[in-house]
Amino acid sequence: MAIALHDKWVRLSRFPTSCDPTPIDLAVFVRRYVGSMNEKGNITLMVISGLFISGVGLAYIMRALPQYQRIEKSSSDLVAYQAALSSSVGYMTHAIRERWCLNEQGTQTACSTNIQTWATDSRNTERLLISQPRLSDSQFGLNVRLGRPIDDQDAILGTTANPFSFTVPLAQVTETHPLFVAIRPILGQVLSIRFDVMRVSNINLPQNGNEIFLKIRTTLLLDRSLVARGLSVLGRKSDPYLESVAGFFPREVSTFALFVAGDMHLDSQNGAGGQGDFYVPSYIQKSAVPATTSGLIFSSPVFVNGNLVVSASKLNGGDGLYNATTFGDSLYFGGGMVLENQKGKLVATQPSTAGGVSDQFYSQLTAGFGGLLQGTAKDIGRDRGLDYLFRTNAVPGPEATPDATLMQACVDRNKMQTDLAFSSKSTLVVTAIAATTPANNPTYQYRFALTYRNVFEDQLSLSTGVSFLNQPGIKTATNFSAANSLPIARVTVNFPFPGQAAVVNAEVARDSVVRIEASDPADRALAATPAVLTIRFSPVVLGGNIQPDQLSVSVAFESTASINVGPTINLMAYEYGSNGAGGSLRDASNQMVSNNVALIYGKAAPSQITPTTTVQQGIYVTANPNGSVPVTQGIPDGTDFSILVTQCQSGGRVADYDYDFSTVSRKSWLFAPITDPATSAVIPTLTMSSSDYNKAQLTATIQATKFFPWKVFTQIAETSPPSSINVGQCVIPSTADFVTGFYVCDKLTIAARAKPLRIIGTFIVGSTNIDRSAIDQGILWSSIYNPSAIDELKQVGILGQGSSCDTLNQPAWSPALSDKDAAQLYVCNPNALRVADPFRWTMTDPDCGLISGGTSTTCKKHPMRYTVKVLSTGGNI
């Protein structure tokens, strides 16, 4: 009965539905189903039944509540553990990206300035990023600085031989520790955190350069006593861990659309800015923006060394200006932040909610400016190279002051070894050292040298003997003092006997003798006692080193009375322009004819000699076809040539691994100034045009090859800071609608225009002057790596060199890739456009530059900034 009654109660006491148009009356229900039972008893029964049902429900709730609480607590603990693990992995990834050295607590500490100590620090995270090319490069590798063999792996961490692993007790994670907030909820359950980082090398992650793949793992080491007693909140025996596989790629300048030396201003109606700052003109309000414009859109990263300054809304004390600039990719700060201009007062602004509409800088905006659609990233400090490049910040430290004279000598020597046209400028010069002139037996001492540090080159396939064009009354002999001596010059002696001259040709080494006996066959009275001419060649030795650019020659006569007319002696040097067989490597227009020096001997002793002085009787040097030879380019001043070689090599091969080249940024980036071909003067303004996609159009005087190679322009003044705003300008005129290339400009001017502008490339800019109409029409700006930009560069032929990039036969990973296919893939890839090394640098703080007292540009080849791409993440929670 109770069951039946309960069933009726449940079935009939539901809420009214469309089938029950009227509510159920409790009194009607009692009279209908209880019948003749006493009304008082019925009510008592109902009360008892209600109390019973309530008691059962309350008991169930009381029994289930602890379980629900445990589930909630477990979920909360799980989230806390996941947060601690995720934060730890992110923290270590950041530390590696920024190349920190860590202490025992896992926080940043100063790295050692001693390269040997630095390379053995077990918690130096940069050792995780050292690639094999950076370690073993014969000129710039770290092994050169360490003085270790090329195959030495001690400086690399993250291998089985040199693991990167350490544990941080949570007791040492104080409130000042960066991980404290994330770890605080699990204190008491976890004793310590272990960090393990290993290099990843497999066929699925091929390495082509300095990129490194790392597996970063953090493990929370539980309190084992709690686990044993079943008191661990996770209820598990294994320690929770999380690991992430990430690629670390040197971040190149060419991946950015724009580098701003100072602040980027979106808070002014004027588009003209001072030195270091980048101004984009704003509108008086958002409704003033033309309906047809997209404004200025950066679809690739932008680097701002200072702050991004935006106009505050009127509600925040601003003037309500709107700037139609949108950052479609990340905005990187060198040392600044987002600031609001509140009536001239710059105020730092932080997002107020996590993704809400008031987050003006992390979502698309309705006021202020277009927004930061990919957020911001902040480097550990300013790019000092930009500070010095445009003189935008007072940074201590003098610029390097290399030895100009020594540097020029090294530059000449380098050109001499590599440029046949330059070495053709060299000439053979001679100076008289001493002379003894007894009657009939004079001896003369000379020193010959090649100018511009050209050198005497050994000829491997020349005969060491003597040849004759004509030989009346001549006897000769040659002697090479060393068995392995090789010819370095040719001596020609001409005896102008009446009616029939005698000519002797002999190849000579640095240590050799040519002896000639001669008598005039037409004069029988003199023929009985022939004259003897001995020409002795010997090396010039300074500091115990043979000088390759000099030669000592002595000329001795015996019985000169036996000949009436003195001989002419000609010396020709074999040098860098020789082919090893006595011939010339140069074309006919660059043949070296100026290295013939004639010594004419008569009965009178010679007087003084200079490169351009002729002596009537005695000795003279033939006229130099290239003009007079400066005395400073003549005989060296006694400097050991090997010292010059050492100075040039040490100044141009290796810099300290962490050398700071920022102070010479302006010299380093002035690598391709635009000059007038007629006067060689720097042209102050580079005007870009769309006629050939801006790779060659400079006031109608310079026309480069269309499409390829990709051009690099440097328009910065020789003086620093620029002496005039008209110096070092890059101008995009109204006629240009497609601008491509790499540019370094003291000032970027975008003229008034009536059509949209497309920019693909990288600009490093010191100041701006952007006309409002350019924003009205719209500017789309990206680097060469933007997917849309790649397609556009293919369409116009900049990528592909005229061949179609849409008909590639094989994918890049094909095992059967032919050389032709590989070449086509390369020219269709934006990497083919990085023809300038500076745009491969990871900062504008140069990789290369001048060192005080140095002789030439030197490099450190040390990536300073990295881009991180997380490939996978997983763990056991």
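Keep in mind that the numbers below use all heavy atoms, side chains included, and drop hydrogens, waters and symmetry copies.
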Atom pair CD1/CD1 of I216 and I96 - distance to nearest 0.5 Å
4.0 Å

Pair W118-E126, side-chain contact (heavy atoms from CB on, under 4.5 Å): steps then yes or no:
CA-CA 10 Å; W118 178 93; E126 188 167 0; 3.5 Å; yes

Side-chain heavy atoms of P240 within contact of L222, under 4.5 Å
yes

Are any side-chain N or O atoms of S665 and backbone N or O atoms of G385, one a donor and one an acceptor, separated by less than 3.5 Å?
yes

Is the side chain of N786 donor-acceptor paired with the backbone N or O of S299 at a distance under 3.5 Å, no angle test?
yes

Does the side chain of S254 come under 3.5 Å of the side chain of E252 through a donor N or O and an acceptor N or O?
yes

Mind running salt bridge (Lys or Arg N to Asp or Glu O under 4.0 Å) on D387 and R382 for me, showing each step along the way?
CA-CA 8 Å; D387 290 333; R382 293 179 66 91; 2.7 Å; yes

Is L187 close to L170 at the side-chain level, that is, under 4.5 Å between some pair of heavy atoms?
yes

Roughly how far apart are I764 CD1 and T844 OG1, rounded to 0.5 Å?
6.0 Å

Sub-4.5 Å side-chain heavy-atom contact between S201 and F213:
no

For the pair V304 and L331, evaluate side-chain contact (heavy atoms from CB on, under 4.5 Å) and give the outcome as yes or no after the intermediate values.
CA-CA 7 Å; V304 177; L331 176 65; 3.7 Å; yes

Using the ring of each side chain (for Trp, its six-membered ring), is F278 parallel, tilted or perpendicular to W781, with breaks at 30° and 60°?
tilted

Do the side chains of V197 and M92 get nearer than 4.5 Å, heavy atoms only?
yes

Residue pair V765 / V260, side-chain heavy-atom distance below 4.5 Å
no

What's the shortest heavy-atom distance between L128 and I212, and which atoms?
O-CG2, 3.5 Å

What orientation do Y91 and W100 show, parallel under 30°, tilted 30 to 60°, or perpendicular over 60°?
perpendicular

With no hydrogens and no angle check, is any side-chain donor or acceptor of R194 less than 3.5 Å from a backbone partner on L220?
no

Atom CD1 of I380 and atom CZ of R99: how far apart are they, to the nearest 0.5 Å?
6.0 Å

R384: which of T663, D845, D660 passes side chain to side chain donor-acceptor pair (under 3.5 Å)
D660

Hey, what do you get for CD1 (I784) to CG (N831), rounding to the nearest 0.5 Å?
7.0 Å

Would S131 and N210 count as having a side-chain donor-acceptor pair, cut-off 3.5 Å?
yes

Looking at F390, F742, F259, F839, which hits ring pair (Phe, Tyr, Trp, His ring centres under 6.0 Å) with W669?
F839

Determine, for F303 and R251, whether the Lys NZ or Arg CZ falls below 6.0 Å from the six-membered ring centre while staying within 45 degrees of the axis.
no

Mark yes or no for whether H177, through its side chain, and Q105, through its backbone, hold a donor-acceptor pair below 3.5 Å.
yes

Any idea how Y659 and F661 line up, ring-wise: parallel (<30°), tilted (30 to 60°), or perpendicular (>60°)?
tilted

Taking all non-hydrogen atoms of both residues, which atom of L102 and which atom of A95 are closest, and how far apart?
CD2-CB, 4.4 Å

Indicate every side-chain donor-acceptor pair of residues 863-871 with a distance under 3.5 Å to a residue at least two apart or in another chain.
unit_1 : atom_1 : unit_2 : atom_2 : d
R865   : NE     : D379   : OD2    : 3.3
Y866   : OH     : R134   : NH1    : 2.9

Any side-chain to backbone donor/acceptor pair from T120 onto T117? Under 3.5 Å, distance only.
yes

Is the side chain of N305 donor-acceptor paired with the backbone N or O of D383 at a distance under 3.5 Å, no angle test?
yes

Could you check whether R123 makes a cation-pi contact with F166, meaning its NZ or CZ is under 6.0 Å from the centre of the six-membered ring and within 45° of the ring axis?
yes

Quick check: closest heavy atoms across N124 and C101, and the distance to 0.1 Å?
OD1-SG, 3.6 Å

Worked check of side-chain contact (heavy atoms from CB on, under 4.5 Å) between W841 and C848:
CA-CA 9 Å; W841 296 347; C848 303; 4.0 Å; yes

For the side chain of D263 and the backbone of N307, is there at least one donor-acceptor N/O pair under 3.5 Å apart?
yes

Quick one, Y332 with F256, criterion ring-ring contact (aromatic ring centres under 6.0 Å, His included). Give me CA distance, side-chain angles, the key distance, then yes/no.
CA-CA 10 Å; Y332 286 79; F256 288 83; 5.2 Å; yes

Shortest non-hydrogen contact from L179 to S87?
CD2-O, 3.7 Å

For the side chain of S88 and the backbone of A84, is there at least one donor-acceptor N/O pair under 3.5 Å apart?
yes

Where do T762 and Y743 land on the side-chain contact (heavy atoms from CB on, under 4.5 Å) test, with the steps shown first?
CA-CA 6 Å; T762 301; Y743 299 85; over 6 Å; no

Donor-acceptor pair, side chain of R199 and main chain of T159, under 3.5 angstrom
no

Would you kindly say whether D267 and Y279 are connected by a side-chain donor-acceptor distance under 3.5 Å?
no

Does the S300 side chain pair with the main chain of S783, one donor and one acceptor, at a distance under 3.5 Å?
yes

Are any non-hydrogen side-chain atoms of R666 and D746 less than 4.5 angstrom apart?
yes

Contact summary for L372 and V338, nearest pair of heavy atoms
CD1-CG2, 4.3 Å

So how far is it from Y81 OH to I186 CD1, rounded to the nearest 0.5 Å?
5.5 Å

Ignoring hydrogens, what is the shortest heavy-atom contact between V89 and S244? Give both atom names and the distance.
CG1-CB, 3.7 Å

Do the side-chain N and O atoms of S165 and D196 include a donor-acceptor pair separated by under 3.5 angstrom?
yes

Do L308 and F327 come close enough that some side-chain heavy atom pair is under 4.5 Å?
yes

Rounded distance [0.5 Å steps], CZ in F164 versus CG in L157
7.0 Å

